[in-house]
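Report on one structure; see the data block that follows.
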Amino acid sequence: MGSIVLSLRIDGELLDRLRQHAAKRGMSVQDYVVRTLIRDDFDERFKAAVDETEKFYGPEGTAGIRAEEVT
């Protein structure tokens, strides 16, 4: 997969905070931001998958069986 340039205009104070967070992890600001976006994207996709599973099986997690019946 190739890469595409994304240009952002951000507040200087936010950039300083990003630099601090990235430095704590030994990363560049660019790598830190990309990893954060990837993690957030995964979290959203995981939540969507859980929601779809609950729609299919129901909130108890099993079709037609109440939670107290499962041992």
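We're numbering straight along the sequence, starting at 1. We use all heavy atoms of the structure for the numbers below, so side chains are in, but hydrogens, waters and symmetry mates are not.
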**Report entry** Pairwise distance CZ(Arg19) to CG(Leu14) - rounded to 0.5 angstrom
**Finding:**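 Between atom CZ of Arg19 and atom CG of Leu14 there are 10.5 Å.
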Query raised in the report: Roughly how far, to the nearest 0.5 Å, is CG of Asp11 from CZ of Arg17?
Result: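 One finds 8.0 Å between CZ of Arg17 and CG of Asp11.
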Query - Test side-chain contact (heavy atoms from CB on, under 4.5 Å) applied to Thr36 and Leu18, step by step - result: CA-CA 11 Å; Thr36 301; Leu18 288 171; over 6 Å; no
Donor-acceptor list for residues 20-35 side chains, cut-off 3.5 Å, not counting sequence neighbours:
unit_1: Arg25; atom_1: NH1; unit_2: His21; atom_2: O; d: 2.8
unit_1: Ser28; atom_1: OG; unit_2: Asp31; atom_2: N; d: 3.0
unit_1: Ser28; atom_1: OG; unit_2: Asp31; atom_2: OD2; d: 3.3

Query raised in the report: If Ile, Leu, Val, Met, Phe, Trp and Tyr residues are connected whenever their side-chain heavy atoms lie under 4.5 Å apart, and connections chain through other members, are Leu15 and Leu6 in the same group?
Result: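 Per the 4.5 Å side-chain linkage, Leu15 and Leu6 are co-clustered.
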Query raised in the report: Going only through I, L, V, M, F, W and Y residues with side-chain contacts under 4.5 Å, is there a path from Leu37 to Leu8?
Result: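 Linked within one cluster.
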Requested in this report: Would you mind reporting whether Phe46 and Val50 have side-chain heavy atoms less than 4.5 Å apart?
Outcome: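 Val50 reaches Phe46 side chain to side chain.
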Report task. List in chain and number order the residues that pass side chain to side chain donor-acceptor pair (under 3.5 Å) with Lys47, two or more places apart in sequence or in another chain; answer none if no residue qualifies. Result ->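 For Lys47, the residues satisfying side chain to side chain donor-acceptor pair (under 3.5 Å) (neighbours in sequence not counted) are Asp51.
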